[in-house]
Amino acid sequence: MLHAPPGRLTLGVLLPGRLDYPFQEFLAMELERGRVDALLAPAPRTPDAPDPVTLLSGLSGATEHIGLVATGSPSGWDPHRLARRHVSLDLLSSGRAGWHITGPEGTAVDETLRLWDAAHGDGMPGMAPPVQRQPVLFRTDDPTAGDTFTTRYADVVLTSPHGLPSARRRYAELADGVRAAARNPEHVLIWPVLTPSRGATPANLADRMQHWYEERAADGFLLSFPGQAGPLVDFVDHVVPELWRRGLFPNAYDGRDLRGTLGLTDPTPAPGGVHA
């Protein structure tokens, strides 16, 4: 938020919820070729959809740098088991794990993050120390719900604005909410969800992304593509180089972990929770 370091667009891509590992591996490798910062695996909505942590654990062996963000709710999970799942992903990926938290949260998230923090510090029985002090936390914005959880916890907020004025207004509102939670808005990224139009040229799409970034409506974008590989490969082949030429997006990964890649600081303890 407010374009703190890394001082450039940050990008994520939502993977399709398909139980087709070779297809998912191909997409992940293409996204890493384009230096995309992170990919998000959705929560399963059908019986044949992959478990996001299991899928991303597999993709960690096929990639080296891209962030791996698992979507899921803490509801119904034992905090120790949930912490172990996400810590394991962080270890397998050498510090590239993120968690897109959905559904009810409250004390379940606090306890899970407390266990992660303890494992990172002094270690815990049966749990190896993770690479990152905390996973990068993603949250889908709900402006109608008075969601203080987002402003207290989220490192990356996913928004769905209707046009530039709406995006700018929500960006400013979230900045105010983060300040009210005693956090620095420069340590939070705002990513509107963007589905590239089939009719847009690479220059047109880059123009739109640059304009939203410069107008304080976005720090980056979560890109969503149809269930085929073609539009995603086209984005990597044509739009990403255009962003490189404009100096808006790096052509190399420069962080040692996902938090570093996104230019985010380590979280600090806060009253009422372990993340601030």
Side-chain angles (χ1 to χ4, degrees), residues 6 8-44 49-72 84-101 116 128-138 155-156 158 189 191 193-194 196 220-241 243-244 249-264:
R8 48 87 170 176
L9 276 173
T10 45
L11 297 177
V13 170
L14 180 65
L15 289 177
R18 287 173 52 176
L19 190 60
D20 183 348
Y21 181 79
F23 177 71
Q24 302 279 20
E25 182 180 274
F26 172 77
L27 296 183
M29 294 174 70
E30 284 295 294
L31 292 172
E32 190 162 80
R33 180 169 67 86
R35 310 301 189 265
V36 170
D37 296 297
L39 55 84
L40 275 73
D51 171 75
V53 173
T54 302
L55 171 64
L56 295 176
S57 296
L59 294 179
S60 69
T63 57
E64 296 181 32
H65 304 287
I66 195 166
L68 306 171
V69 183
T71 301
R84 187 185 301 278
R85 274 167 58 86
H86 288 280
V87 165
S88 295
L89 177 59
D90 199 59
L91 288 166
L92 287 169
S93 63
S94 300
R96 294 184 281 140
W99 181 13
H100 177 205
I101 302 172
W116 178 301
V131 177
Q132 299 182 106
R133 183 183 159 191
Q134 292 276 285
V136 178
L137 299 182
F138 289 67
D155 298 302
V156 183
L158 309 177
L189 299 174
W191 284 6
V193 178
L194 175 62
F221 297 89
L222 176 64
L223 298 156
S224 177
F225 296 94
Q228 289 97 23
L232 183 150
V233 174
D234 287 343
F235 180 84
V236 170
D237 284 342
H238 304 294
V239 180
V240 168
L243 296 174
W244 289 344
F249 194 64
N251 61 4
Y253 290 100
D254 55 8
R256 66 178 181 84
D257 55 22
L258 177 55
R259 191 169 289 276
T261 294
L262 293 173
L264 298 169

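Only this structure's heavy atoms are used, side chains among them; waters, hydrogens and symmetry mates stay out. Count residues from 1 along the sequence.
Taking both residues in full, the closest heavy atoms of G220 and L9 are given as CA-CD2, 3.9 Å, listed atom of the first, atom of the second, then distance. Between A41 and L55 the shortest heavy-atom distance is CB-CD2, 4.3 Å. Heavy atoms only, all atoms of each residue included: P135 and Q132 are closest at CA-NE2, 4.2 Å. Nearest heavy atoms, L27 versus A229: CD2-CB, 3.9 Å. Scanning both residues, A128 and L91, for their nearest heavy atoms gives CB-CD1, 3.6 Å. Summarising the geometry of L31 relative to I66, their closest heavy-atom pair is CB-CD1, 3.7 Å, with the distance given to 0.1 Å.
Under the rule for a side chain to side chain contact (heavy atoms under 4.5 Å, CB included), the partners of P241 that lie at least two apart in sequence or sit in another chain are W244, R245. Contacts of F138 classified as ring-ring contact (aromatic ring centres under 6.0 Å, His included), with partners at least two apart in sequence or in another chain: W191. A43 is linked by a side chain to side chain contact (heavy atoms under 4.5 Å, CB included) to T71, counting only residues two or more places apart in sequence or in another chain. For the side chain to side chain donor-acceptor pair (under 3.5 Å) test, no residue two or more places apart in sequence or in another chain qualifies with H86. Applying the salt bridge (Lys or Arg N to Asp or Glu O under 4.0 Å) rule to R256 yields no partners; only residues at least two apart in sequence or on another chain are considered. Residues satisfying the ring-ring contact (aromatic ring centres under 6.0 Å, His included) criterion with F26, sequence neighbours excluded, are absent altogether. When the side chain to side chain contact (heavy atoms under 4.5 Å, CB included) test is applied to P44, the partners found at least two apart in sequence or on another chain are A49, P52. Listed by chain and number, the residues in a side chain to side chain contact (heavy atoms under 4.5 Å, CB included) with L194 are L205, R208, M209, F221, L223 (sequence neighbours excluded).
Using a 4.5 Å heavy-atom cutoff, the side chains of T261 and H65 are not in contact. A heavy-atom distance below 4.5 Å is not found between the side chains of V136 and V69. Counting heavy atoms from C-beta outward, L39 and T63 have side chains that stay 4.5 Å or more apart.
Screening residues 51-70 for salt bridge (Lys or Arg N to Asp or Glu O under 4.0 Å), with sequence neighbours left out, gives D51-R85. Sorted by first then second residue, the salt bridge (Lys or Arg N to Asp or Glu O under 4.0 Å) pairs that include residues 88-99, not counting sequence neighbours, number zero. Residue pairs satisfying the side-chain hydrogen bond (donor to acceptor under 3.5 Å, both in side chains) criterion with at least one member in residues 27-38, sequence neighbours excluded, are listed as follows: R8-D37, E30-R33, R33-D237.
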| query | Do I101 and L137 pass the side-chain contact (heavy atoms from CB on, under 4.5 Å) test, and can you show the C-alpha distance, the side-chain angles, and the key distance before you say yes or no? | reply | CA-CA 7 Å; I101 302 172; L137 299 182; 4.0 Å; yes

| request: Report the C-alpha separation of Q134 and R259 in whole Å, then their side-chain angles, then the decisive distance to 0.1 Å, and conclude whether the side-chain contact (heavy atoms from CB on, under 4.5 Å) test is met. | output: CA-CA 9 Å; Q134 292 276 285; R259 191 169 289 276; 4.1 Å; yes

| message | Could you go through V13 and L232, starting from their C-alpha distance and side-chain angles, then the distance that decides it, and tell me whether this counts as side-chain contact (heavy atoms from CB on, under 4.5 Å)? | response | CA-CA 9 Å; V13 170; L232 183 150; 4.1 Å; yes

| message | Please determine whether side-chain contact (heavy atoms from CB on, under 4.5 Å) holds for the pair T10 and V156, giving the CA-CA distance in whole Å, both sets of side-chain angles, and the decisive distance to 0.1 Å. | response | CA-CA 10 Å; T10 45; V156 183; over 6 Å; no

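From L158, atom CG reaches atom CG of L222 across 5.5 Å, with rounding to the nearest 0.5 Å. Within the model, atoms CG of L68 and OG of S94 stand 10.5 Å from one another, a figure rounded to the nearest 0.5 Å.
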Which atom pairs, one a donor and one an acceptor, fall under 3.5 Å between side chains of residues 15-25 and the rest of the protein, sequence neighbours left out?
{"residue": "R18", "atom": "NH1", "partner": "G227", "partner atom": "O", "Å": "2.9"}
{"residue": "R18", "atom": "NH2", "partner": "D20", "partner atom": "OD2", "Å": "3.3"}
{"residue": "D20", "atom": "OD1", "partner": "F23", "partner atom": "N", "Å": "3.3"}
{"residue": "Y21", "atom": "OH", "partner": "E25", "partner atom": "OE1", "Å": "3.1"}
{"residue": "Y21", "atom": "OH", "partner": "G58", "partner atom": "O", "Å": "3.0"}
{"residue": "Q24", "atom": "NE2", "partner": "P16", "partner atom": "O", "Å": "2.7"}
{"residue": "Q24", "atom": "NE2", "partner": "R18", "partner atom": "O", "Å": "3.0"}

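Looking at W99, its side chain does come within 3.5 Å of a backbone N or O of G72 through a donor-acceptor pair.
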